[in-house]
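In this text, all values refer to a predicted model and were calculated from it rather than measured experimentally. Basis for what follows: all heavy atoms, side chains included, without hydrogens, waters or symmetry-related copies.
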2 protein chains.
Amino acid sequence: MTTMIQVAEEVRGEDVDILARVPMFAGIDAPTLARMAQVARVVRVPRGTVLFSQGDDAKALYVLLEGQVGLSGKVEDLGDDTVVEILDAGEAFVAAAVLTGKPYLIGATALTPARVLELPRQALLDDLRASPDLALAMLGSLARHFRLLVREVKDLKLKSASQRLALYLLGLTPRRRGTVIVRLPHNKGLIAARVGVRPETLSRAFAQLKGHGVVVDGQNVAIADLAVLVDYCHEGWENV
Amino acid sequence: MTTMIQVAEEVRGEDVDILARVPMFAGIDAPTLARMAQVARVVRVPRGTVLFSQGDDAKALYVLLEGQVGLSGKVEDLGDDTVVEILDAGEAFVAAAVLTGKPYLIGATALTPARVLELPRQALLDDLRASPDLALAMLGSLARHFRLLVREVKDLKLKSASQRLALYLLGLTPRRRGTVIVRLPHNKGLIAARVGVRPETLSRAFAQLKGHGVVVDGQNVAIADLAVLVDYCHEGWENV
DNA sequence: TCCTGTTATTGACATTAGTCAAATCAGGCA
DNA sequence: TGCCTGATTTGACTAATGTCAATAACAGGA
C-alpha cells in the first residue's frame, strides 16, 4: 500500500508505438496518436502504488505501458475487496469512468513496478470530437470489454467457484483441447480475489479440479485435457 | 415461450420521437434519426416472445418502444437461467453485441406485449460512420451502461442476497432517505432471477429485510427509512 | 544455513444459499 | 361461490462457501 509517489517521465517514441497497438486505439492515424502522446504524462511507479482510489473523480484515461495493474472494488467498511480485473501491458483502463466523468467505481493498484501513461480527461474528449475514427475505435473496444463483463455477471450468477476457477485457467491459454501446462501469472490470493472467492476456497477449488485432470505444482498448473475443463464449465459456443 | 411470430408494422411518426429520447441517441440530429427509422423495422410481439436467443448472431440493434423485455443468460444444459437485465420502454439493447458482430451472450424475451424497433447491424454501422455525433452518443451511453455492470460484478462478489435485494429496491426509487412505498414492477420469480437467487431465497431475503424496516404486501413494498437500507448495503458515495 | 514473515493448505465449524416438498395464497373463470 | 392454476411462502434438509485457527511450505535477507 505504497503511497502515490510518482516519477513523471518523458513520453518516449516507443511509447507511441505501444499506444498504436492498444486495441482501443487500433487504426488511429499517427498524427492523432502523436497529439495524444503530447499531452499525456508517463509515470513510473513501484509495486503497490495506488494509481487512484475508488471514489476519486475520474480525471484521466490510463494506458499500461509496462507491468501489471489490478482494478479492485471494495465495500465501504473496508475489509472485503475484490479484484474486478487484472491488466497487462498494452491495455487501456477506466475508459468508461473517464467518458462519464463520474467517480471511479474501482481503484487501481500496481501489482508490479509499472509504467503508466495518463491521458487527461479533457484531452481525450477533445480528441474524440476531433477524430471520428478514434470514437469508433473506442466504441468497438468498449463493446468488446462490455461483453467480458456480461459474461462475468452470468458466470458469477450461474457457476460454482470451481467452475469459475476452471474458466480462469482456460483464460490463460488460447487452446481449447489437449494437454497444456499454464503458469499462474499471480499469487493465489490475488487469483482468489479475481475469481471471487476466499483463498481457502480457491485451494479447495483446485483440489476439486484434480478430479478433472488439473494438477497444481506451485505456480505451474498442468491440465491433462482442456476439453474436459471446457465441458466441466458447460461452456458451449461462448468461447468465440 | 411463445415462438417468434412477429407482426411487422409501419414505423410511426411518434416512434421517431421515442428514438430521439433514447439516451443512446440523445442529441442526434433529426435527419439522421429519420434515416435510421427509415431502414428500421418495427414488430409487435405478444408476451413471452423470444426476440432472439443466446448464441444467435447479432443482426440488429433493438429499441424497446413499448412494453418490457428481459435479457437472460443461461448455462448450456438448460435449467438454470438468470436475468441480466430488465428493460423498459425507451431503452436500447444489445448494442455491444451488434458492434462486435459476435453472437449474443444473452437472449431477449418479451415480458409483456411489446413493440420493438430493430435497426439492422449494417445500417447502424453505416450511420455510425456517417455521423460522428451518433458515435459519441453511443460511446457515452455504452460507458454509462458499462458502469452499471461493473457495479453489478462488485455487488455479486461482495454482497449477500439480502443486500442485493435491498439494492434492487433502492433502484426502484430515486430517493435515498425517508419513507416510501414502491411497487414491484415484476413478479417475484423474475425479481429473484434478476437479483441472482432462487425464489425461495428471495422470500427469505424479504423476511430478513423486515428487520430493516421493509414490509412486503403483495406487489407493494413499504420502506420505513431508505437511509437504513442504504446503510444496510454499505452504500457510500456510489449512488451518484 | 538459519530466521522470519508471507503465502498456501488443511481442518473444524458457522453461515449462506440451494433443493425438494408441502402448504398457502391469489386471481381468473365456469 | 367454488374450483383450478400458478405464484409465493414455509419447513426440513443439503450443499457450497466463508471463517477462524493451526500448520506447512516458501522466499528473501542476515
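- Protein atom CG of A:L165 is 15 Å distant from nucleotide atom C1' of D:dA16, rounded to whole Å.
- In this structure, A:R198 places its CZ atom 21 Å from P of C:dC13, rounding to the nearest Å.
- Atom CG of B:L209 is separated from atom C1' of C:dT16 by 15 Å (rounded to the nearest Å).
- The side chain of A:E200 has D:dA21 as its nearest neighbour among C:dA17, D:dA21, D:dT9.
- Closest to the side chain of A:S203, out of D:dA12, C:dA12, C:dT9, is C:dT9.
- In this structure, A:N187 atom CG and C:dT7 atom P are separated by 6 Å, rounded to whole Å.
- For A:K159 (side chain) and A:C233 (main-chain N/O), a donor-acceptor pair under 3.5 Å exists by modelled atom type.
- Between A:H186 atom NE2 and C:dT6 atom C1' there is a gap of 19 Å when expressed in whole angstrom units.
- Ring geometry for A:Y104 against A:F52 counts as parallel: the plane angle stays under 30°, on a 0 to 90° scale with 60° as the upper cut.
- For C:dG18, the OP1/OP2 oxygens have a side-chain nitrogen or oxygen of B:T201 closer than 4.0 Å.
- The base of D:dT19 lies close enough to the side chain of A:R204 for a donor and an acceptor atom to sit less than 3.5 Å apart.
- What separates CD of B:Q208 from C1' of D:dT9 is a distance of 16 Å, to the nearest Å.
- Closest-nucleotide positions on DNA chain D for A:D217 and A:R164 were compared, and the one nearer the 5' end corresponds to A:R164.
- If you measure from atom CZ of A:F206 to atom P of D:dA16, you get 19 Å, rounded to the nearest angstrom.
- For A:E152 and A:R164, the salt-bridge test fails: no basic side-chain N is under 4.0 Å from an acidic carboxylate O.
- The nearest whole Å value for the distance from the CG atom in B:L202 to the P atom in D:dT8 is 9 Å.
- The aromatic rings of B:Y62 and B:F93 lie parallel to each other, their planes meeting at an angle below 30°, with 60° marking the opposite boundary.
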